[in-house]
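Notes for the one structure printed next.
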Amino acid sequence: MEPQVDDQRAHAVVIITLPPSDDPSQGKTISAFTLTDHHYPPETHPEDHPNPNFQPGPLHQNPDPGLWLSDLSTGSPRLVLSLIAISLLAIAFYASVFPNTVQMFRVYDERDRDDEANRRETSSFVFPVYHKLGARAIPDRKLAEVVDVVKSGILVESIDQELVNPVKVNDAFSAIAASFDSSTTILPVGGDVYPNGLYFTRILVGKHYFYLDIDTGSDLTWVQCDAPCRSCAKGANQLYTPRKGMLVRSAESLCVEVQKNQMTQHCEDCEQCDYEIEYADLSSSLGVLTKDEFHINLHNGSVADLDIVFGCGYDQQGLLLNTLVKTDGILGLSRAKISLPSQLASRGIISNVIGHCLPSDLNGEGYIIMGSDLVPSHGITWVPMLHHSHLEVYQMQVSKVSYGNGMLSSDGRVGKVLFDTGSSYTYFPNKAYSHLVKSLKEVSGLGLTLDESDKTLPICWRADFVISSLSDFKRFFRPITLQIGSKWWIISKKLVLQPEDHLIISKKGNVCLGILDGSSVHDGSTIILGDVSMRGHLIVYDNVKRRIGWMRSDCVRPRDSDFNVPFFQG
């Protein structure tokens with residue numbers, strides 16, 4: 001039915017013209033105007049006198065082009081409205097077929113209107129990860145090629161010179177930054193499961209770099225410091241020197257947060273905030289909380305210089321001292337308020353989303369992202385994140401565990417899986433581990449022989465052929481499948497660990513099982529998913545939507561033309 005319009009009515013018209021599909025840089029145009037008939041009274045409001053008895057004129061019954069032009073020249077709105085209706089239908093059809101293109105035009109238009117807002121659009125942090133094996137061997141000259149520390153103490157990566165109008169976000173303006181969309185950062189990650197047994201990244205604190213062991217199972221970020229130091233390993237860099245007057249007082253909220261799970265009682269009137277952390281291997285770190293500027297390059301081109309609360313560790317004990325030969329401390333990435341991502345999220349710098357991709361190869365390179373911008377929108381398997389009453393860790397529910405077609409837990413009890421980058425290897429509860437070991441007896445006689453002389457791990461096999469990579473063993477082993485969620489789900493999600501996700505090659509050239517008995521780890525009933533099983537995967541912890549996701553990945557830094565900071569080569 002043709003629309004009926006009063007000839008005494010004015011018509012407000014908006015025409016949106018999309019740019020050519022082969023040249024979206026032309027942008028879109030918006031034209032707004034009002035059509036009136038010649039005899040329309042100027043003082044009458046256009047919405048006051050609708051006329052349902054209006055009849056179409058003869059021009060609408062004659063398709064002659066010359067009459068169309070004549071109609072336009074005489075100001076009749078009816079034909080124009082018909083043309084507009086057809087145009088809008090065409091645009092709607094185009095948008096339904098090419099939604100991404102229309103969205104792209106909209107984004108281009110918004111960015112053109114406000115370049116300042118563009119610089120503050122949602123972005124992300126990506127932290128590179130390095131091999132700790134080569135951390136101490138890095139020459140100073142190579143460091144100088146990658147980064148420069150200017151006189152003001154602000155970190156300026158070499159690529160920053162190519163950025164247009166980088167914005168500095170410091171503590172004084174953190175409240176203003178929080179009013180805009182959050183950003184994202186990306187840090188390089190290096191390391192390996194064997195022989196070093198850890199993955200690490202680097203952080204610029206004050207005017208010095210520190211290599212930190214990335215740990216999703218730890219709350220507090222801390223570095224070895226000269227306070228003075230009672231027991232410190234000779235780490236990758238010089239000991240941190242606390243800034244005068246920057247100690248955290250016991251009355252501050254983050255101190256209360258740290259001390260609530262400690263053996264010692266919280267001191268409300270103390271001038272400083274002491275902490276003591278004990279790890280699963282009975283290693284420990286003792287120190288005080290302090291503040292200093294963390295310099296972080298953001299994905300949107302700005303630089304965040306923020307006072308962050310972290311630990312000044314002056315007394316380290318146990319096996320922890322061995323890993324501190326190659327690093328300077330721990331980067332806490334848990335859900336706790338004291339963790340680095342939580343502090344950044346509380347300032348509005350990032351959304352509270354963390355992801356990591358650990359390289360599989362010794363010479364490979366991975367990354368950590370803080371923020372949601374660089375998280376893929378497709379291809380990730382998401383499951384709900386479980387809440388723990390007093391531990392701010394990343395857990396999901398598992399209903400079944402199987403090796404090939406055989407179940408590893410016959411009682412059908414629902415268990416938990418904890419993601420812990422602080423653990424080199426994966427740990428199974430005793431029953432599941434025992435069933436797995438029995439199932440693996442089948443590999444003996446297929447070309448592999450148990451080698452009890454290899455003490456690298458509890459179970460190692462010697463092959464009667466030359467080993468070049470873990471792929472050589474895929475034919476001997478079956479995948480391990482973790483069925484996620486309730487056992488009553490009709491369609492459950494699965495995390496499949498291929499043989500390369502639970503095996504390593506020892507220095508003797510044997511293949512060893514990277515899954516250990518977890519009877520004495522954590523609560524003894526939780527599967528601890530360690531680095532060996534997370535290599536070659538992008539793992540994402542979305543603390544905003546309370547979910548955990550994963551996907552296979554080659555761990556190449558996310559490609560984005562807006563983020564070109566080169567990774568440090570370890």
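- Taken from CG in Asp274 to CG in Leu289, the straight-line distance is 8.5 Å, to the nearest 0.5 Å.
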- request: Apply side-chain contact (heavy atoms from CB on, under 4.5 Å) to the pair Ile369 and Val375, showing each step before the final yes or no.
  value: CA-CA 8 Å; Ile369 53 175; Val375 175; 3.7 Å; yes

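- Between Tyr394 and Tyr541, the ring planes are parallel. Angles under 30° get that label, and only those over 60° would be called perpendicular.
- Contact annotation: the side chain of Val353 never approaches that of Asn543 to less than 4.5 Å [non-hydrogen atoms, C-beta and beyond].
- For the 3.5 Å distance criterion, the side chains of Thr327 and Asp213 fail to qualify, holding no donor opposite an acceptor.
- Remark: the backbone N or O of Cys555 is paired with a side-chain donor or acceptor of Ser553 at under 3.5 angstrom.
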- prompt: For Tyr199 and His356, what are the C-alpha separation, side-chain angles and deciding distance, and is it a ring pair (Phe, Tyr, Trp, His ring centres under 6.0 Å)?
  reply: CA-CA 11 Å; Tyr199 288 90; His356 59 74; 8.9 Å; no

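- Closest non-hydrogen pair, Ile467 versus Ile505, comes out as CG2-CD1, 3.6 Å.
- Side-chain N or O atoms of Thr216 include none that pairs as donor or acceptor with a backbone N or O of Leu333 at under 3.5 Å.
- Here the CG-OG distance, from Leu220 to Ser334, works out to 9.5 Å after rounding to the nearest 0.5 Å.
- Here the side chain of Thr381 pairs no donor or acceptor atom with the backbone of Gly549 at under 3.5 angstrom.
- Interatomic distance, Ile214 CD1 to Ile330 CD1, rounded to the nearest 0.5 Å: 10.5 Å.
- Heavy atoms only, all atoms of each residue included: Arg535 and Asp501 are closest at O-OD1, 4.1 Å.
- The side-chain heavy atoms of Leu495 and Met396, taken from C-beta on, include a pair separated by under 4.5 Å.
- Using a 4.5 Å cut-off on side-chain heavy atoms (C-beta onward), Gln259 and Cys255 make contact.
- The backbone N or O of Cys357 sits nowhere less than 3.5 Å from a side-chain atom of His537 that would complete a donor-acceptor pair.
- Atom OG1 in Thr426 sits 8.0 Å away from atom CG in Leu516 (nearest 0.5 Å).
- You'll find the side chain of Leu513 stays beyond 4.5 Å of the side chain of Leu457, heavy atoms only.
- Under the rule for a ring-ring contact (aromatic ring centres under 6.0 Å, His included), Tyr314 has no partner lying at least two apart in sequence or in another chain.
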message: Pair Lys326, Asn196 - check side-chain contact (heavy atoms from CB on, under 4.5 Å), show working.
response: CA-CA 9 Å; Lys326 301 183 179 70; Asn196 292 287; 3.0 Å; yes

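- Partners of Tyr425 according to the side-chain hydrogen bond (donor to acceptor under 3.5 Å, both in side chains) rule, which considers only residues two or more places apart in sequence or in another chain, do not exist here.
- When atom types are taken as modelled, the side chain of Ser283 and the backbone of Tyr279 share no donor-acceptor pair closer than 3.5 angstrom.
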message: Evaluate Leu538 against Trp550 for side-chain contact (heavy atoms from CB on, under 4.5 Å), listing each step before the verdict.
response: CA-CA 5 Å; Leu538 171 60; Trp550 62 83; over 6 Å; no

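- Taking the salt bridge (charged side-chain N to carboxylate O under 4.0 Å, His left out) definition, one finds that Arg546 meets it with nothing, sequence neighbours left out.
- Residues Trp461 and Phe477 bring their aromatic ring centres within 6.0 Å.
- Across every non-hydrogen atom of Lys416 and Thr526, the tightest pair is O-CG2, 3.4 Å.
- Two residues are said to be in side-chain contact when any heavy atoms from C-beta on lie closer than 4.5 Å; Met534 and Thr421 meet this criterion.
- Asp464 meets the side-chain hydrogen bond (donor to acceptor under 3.5 Å, both in side chains) test with no other residue; sequence neighbours excluded.
- A pairwise comparison of heavy atoms in Arg335 and Val393 identifies CD-O, 3.6 Å as the closest pair.
- Between Val223 and Val205 the shortest side-chain heavy-atom distance does not fall below 4.5 Å.
- Classified by interplanar angle (parallel below 30°, tilted 30° to 60°, perpendicular above 60°), the ring pair His208/Phe210 is perpendicular.
- Sorted by first and then second residue, the salt bridge (Lys or Arg N to Asp or Glu O under 4.0 Å) pairs involving residues 506-527 (not counting sequence neighbours) are Asp451-Lys508.
- Not one N or O on the side chain of Ser423 forms a donor-acceptor pair closer than 3.5 Å with the backbone of Gly530.
- With Gln343 contributing its side chain and Ile338 its backbone, the two residues share a donor-acceptor pair below 3.5 Å.
- In terms of the salt bridge (charged side-chain N to carboxylate O under 4.0 Å, His left out) criterion, residue partners of Glu442 (sequence neighbours excluded) are, by chain and number, Arg478.
- When ring centroids are compared, Phe310 and Tyr240 come within the 6.0 Å threshold.
- Remark: the Tyr209 side chain and the Asp328 side chain contain no N/O donor-acceptor pair separated by less than 3.5 Å.
- Across every non-hydrogen atom of Ile527 and Pro429, the tightest pair is CG1-CD, 3.6 Å.
- Leu286 places a side-chain heavy atom less than 4.5 Å from the side chain of Arg230.
- Of all heavy-atom pairs between Gln395 and Ile548, the closest is O-CD1, 3.5 Å.
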message: Under the criterion side-chain contact (heavy atoms from CB on, under 4.5 Å), I'd like the reasoning laid out for Leu212 against Phe200: C-alpha separation, chi angles, the key distance, then a yes or no.
response: CA-CA 5 Å; Leu212 302 179; Phe200 72 102; 6.0 Å; no

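- Distance alone, capped at 3.5 Å, places no donor-acceptor pair between the Lys494 side chain and the Ile484 backbone.
- Between the side chains of Gln316 and Ser285, at least one donor N or O sits under 3.5 Å from an acceptor N or O.
- Using modelled atom types, one finds a donor on one side chain and an acceptor on the other under 3.5 Å when comparing Ser506 with Asp454.
- Going from atom NZ of Lys431 over to atom OG of Ser525 covers 11.5 Å, rounded to the nearest 0.5 Å.
- For a disulfide, the SG atoms of both cysteines must be under 2.5 angstrom apart; this fails for Cys225 and Cys232.
- Panel note: side chain Ser533, backbone Leu529; no donor-acceptor pair is recorded below 3.5 Å.
- From Cys460, atom SG reaches atom CG of Leu448 across 11.5 Å, with rounding to the nearest 0.5 Å.
- Residues Glu293 and Arg243 form a side-chain contact, since some pair of their non-hydrogen atoms from C-beta on lies under 4.5 Å apart.
- Under 3.5 Å, the side chains of Ser351 and Ser372 contain a donor-acceptor pair of N or O atoms.
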